[in-house]
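Working notes, beginning with the structure itself.
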Amino acid sequence: MKTLPHVLAALTAAVATALVSQTANAAVLPDYQTQSGWFTAGADAVAAKVAQVRNTAGAKNVILFVGDGMGVSTLTAARIYQGQAAGNTGEENRLSFETFPYSALAKTYSVNQQTPDSAPTMTAMITGVKTEDGMLSVSADSIRGNCLSSKGNELKTTLELAENLGKSTGIISTARLTHATPAATYAHSPERNWEADSDMTTEAINNGCHDIAYQMVMDAPGDGLEVALGGGRSYFLPNTVTDGEGSRGRRADGNDLTAKWSENFSNAAYVWNQEQFDAIDTANVDHLLGLFQGSHMQYEADRADDVGGEPSLAEMTSKAIDLLAKNDQGYFLMVEGGRIDHAHHAGNASRALQDTVALSDAVQAAMDKVDLSDTLIIVTADHSHTFTIAGYPARGNPILGLVHAPEDEAIAAAPTRAGDGMPYTTLGYANGPGAKNGARADLTAVDTTDVEFLQQAQVPMSSETHAAEDVAIYATGPGAYLFQGSVEQNVIFHVINQAAALGGTKY
Amino acid sequence: MKFSHSICALFTLLSCSTFAANDTQSLPVCPTTSHQLSHNDTFGVQYQLSGAQHGTLQLLRSQAQTAYYNPENGVAEWWNFAIADHPSFIRVFAKHQRRIDYYTGDLRTLNIKVSQAEMESFATAQLLKQLSHKGPATCDGSQVYEGDVKQMHYRVIWSDELGLPLELSITHNGQTKQWQAQKLIPANEVELTLSRWQQFSDTDYADIGDNETDPFLAQMINQGFVEHSEHAVYDSKGKPMHGEHIH
């Protein structure tokens with residue numbers, strides 16, 4: 001397997017620089033080295049970096065993509081998965097955002113946990129302040145699950161700052177719109193699970209805390225979110241209502257927040273299936289609410305089989321940008337691939353990778369729409385998972401398959417055996433449901449590439465867990481150059497604040 | 001293990017992995033009511049497991065909903081086939097007034113595929129096709145079926161009226177276990193039970209990973225009632241059921 005990597009076409013000036021460099025090197029390096037495709041491609045990549053000019057202009061628009069649970073190993077596996085799906089060996093592939101010019105690593109720990117959940121991590125990204133697990137955009141001075149303690153500790157979010165400046169704002173998620181990651185952008189709650197009023201404690205209600213769905217529609221910042229697309233329909237409907245897909249509402253207060261959306265905001269529309277979504281003309285709608293599932297939206301692998309039909313993450317992103325871009329003041333948009341995390345918890349790598357590719361497609365859809373001279377795009381994750389890529393599989397070995405050792409001409413027919421005499425998959429988990437007590441299962445006759453297959457794990461746990469290592473940040477557009485090196489996760493807020501001049505700090 | 005393949009899978013939370021000598025020959029309840037029951041009606045049937053192991057199981061049916069409830073440990077498995085190709089599944093913990101809701105995607109990640117007909121028929125709809133008809137049984141409108149399938153001997157007293165067995169005996173290696181209908185559960189009682197369960201605090205199965213510190217979930221997980229695996233049904237100790245295949 002000698003396939004060379006695909007590289008970006010170098011700029012004319014950059015190529016010239018590279019040729020100079022290669023010429024200089026050629027004096028000391030043999031031709032078979034300097035003429036190697038690897039060598040020239042690497043030189044081209046450096047030349048492109050040399051020619052790169054920092055965009056220090058202000059960012060009119062900001063789009064923040066968050067892959068929930070999308071750790072670095074997930075990115076590597078997803079890029080190979082996507083490349084192999086296209087008929088290539090896979091390793092040379094790049095997810096859409098892996099071409100971005102700037103990147104950094106983010107430390108994800110929360111105030112009280114080495115390994116965090118999505119609530120404090122998104123709070124860090126969206127407010128600039130780390131908090132404790134389970135809490136949304138309130139400071140660590142609050143006590144989880146205690147309403148009174150959170151009063152006066154609400155943290156201003158990027159989305160709220162953007163609304164205050166007259167920008168349009170939007171959130172998109174394949175999870176519930178009341179789930180931790182999207183919720184942290186617009187809600188303030190000492191308990192991430194207060195998604196509907198029926199989830200709340202007496203203390204919370206008596207002390208005036210509002211549930212997360214209510215906050216999105218009734219306590220909305222500025223003139224309200226312009227776009228909200230995702231799952232979680234039940235949290236917006238009364239418990240006396242059964243929706244078009246058979247889900248019963250959860251609200252005990254009788255509020256139909258989908259109706260309130262249309263009442264509260266001008267030129268507002270509510271949709272709940274693919275047909276209605278497709279029919280939306282963004283030129284005539286200023287506030288779009290789409291709730292496509294009672295709870296989380298389908299995994300990408302199952303999306304085509306949904307009862308009412310669901311738009312893809314890319315389709316939602318594309319339509320959202322069309323709507324938000326109508327505002328001359330610019331916009332802030334958060335897009336979450338919310339189900340990568342869930343598939344990992346289930347130990348189901350196939351679905352996790354398909355949802356990661358769906359996020360990559362959404363980023364590409366955004367890049368196809370925006371002008372990168374005035375739009376900052378950031379792609380990152382809230383936390384990682386215990387997902388591993390192991391063994392010494394041959395180049396091009398199916399990423400979901402058993403490990404086969406490299407051979408000169410072809411991948412060996414027989415899989416590599418571990419110390420227990422059993423074959424093993426390239427992908428696995430350090431813990432989770434794929435673990436068995438006692439001997440490992442013999443996977444010789446098992447189709448490990450099946451979408452339902454659960455990867456083997458080391459430590460038996462009911463649910464695979466989050467992991468604590470750093471996650472990647474990729475960025476392009478004005479201010480993207482501020483992402484360098486290793487940073488605390490809350491730095492993301494400050495980069496946005498700086499680049500878009502949101503006025504949230506002394507900048 | 002797929003739900004539709006195991007009689008034990010349906011008998012949630014009851015130990016049925018071992019066989020015991022048949023110690024009862026009592027007759028099943030005859031479904032005589034003030035009106036002719038249809039399998040589309042709302043009703044329930046309470047079954048008694050006889051043999052060395054004992055237990056009670058209630059089958060509750062209401063329109064496209066079927067629930068199996070063990071009143072002894074308060075755990076139920078509740079299916080809704082209102083949208084037949086996209087069934088929803090809820091595990092109910094009545095003593096804790098909590099539920100775990102499984103959506104279509106969750107069931108797929110667990111590799112759980114169910115047949116509505118099998119769920120509604122106490123897992124005997126397919127079995128009947130493989131048994132011999134032996135004639136009418138004692139109760140009106142009931143028939144006796146008997147035969148061997150995969151080294152197991154089955155005897156079923158089937159109620160055409162209910163679309164359910166009144167009695168199911170399984171003999172294997174000389175040991176027999178028997179499920180026997182004890183009583184009918186009226187519609188209002190079934191509706192009340194389902195309505196009560198609907199009010200319980202619920203957690204999406206997909207969200208368990210973010211809520212394992214919840215004391216209830218931690219307890220259920222530790223006891224084995226909740227796990228992300230192909231085993232989605234458990235015996236009374238929370239162990240995954242490995243029941244014998246019914247067909």
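Note on naming: letters A, B, ... go to the chains in the order of the sequence lines (proteins, then strands), and numbering restarts at 1 for each one.
- Chain B forms the most heavy-atom pairs under 4.5 Å with one residue out of A/Asp117, A/Asp306, A/Asp302, and that residue is A/Asp302.
- When every heavy atom of A/Gln298 is checked against every heavy atom of B/Gly105, the shortest pair comes out as OE1-N, 4.1 Å.
- How far CD of A/Glu452 is from NZ of B/Lys113: 5.0 Å, rounded to the nearest 0.5 Å.
- Between atom OG of residue A/Ser295 and atom CG of residue B/Asp106 there is a gap of 8.0 Å, rounded to the nearest 0.5 Å.
- With values rounded to the nearest 0.5 angstrom, B/Thr104 atom OG1 is found 7.5 Å from A/Gln293 atom CD.
- A distance of 6.0 Å separates OG1 in B/Thr109 from CZ in A/Arg351, rounded to the nearest 0.5 Å.
- Residues A/Arg176 and B/Asp207 form a side-chain contact, since some pair of their non-hydrogen atoms from C-beta on lies under 4.5 Å apart.
- Residue contact with chain B, scored on non-hydrogen atoms closer than 4.5 Å, involves the side chain of A/Asp341 exclusively.
- B/Gln198 touches chain A through its side chain: at least one heavy atom from C-beta onward sits under 4.5 Å away, while N, CA, C and O do not.
- Nearest heavy-atom pair across A/Ser463 and B/Gly209 is OG-CA, 3.4 Å.
- Side-chain atoms of B/His86 come within 3.5 Å of backbone atoms of A/Asp305 as a donor-acceptor pair (strictly under, hydrogens ignored).
- A distance of 6.5 Å separates CD of A/Glu245 from CD1 of B/Ile83, quoted to the nearest 0.5 Å.
- Of all heavy-atom pairs between A/Arg339 and B/Ala206, the closest is NH2-CB, 3.4 Å.
- Atom-to-atom distance recorded for A/His466:NE2 and B/Asp210:CG is 4.5 Å, nearest 0.5 angstrom.
- Proximity of A/Asn348 to B/Arg108: side-chain heavy atoms (C-beta onward) are nowhere separated by under 4.5 Å.
- For the pair B/Asp202 and A/Arg248, the salt-bridge criterion is not met [side-chain N within less than 4.0 Å of a carboxylate O].
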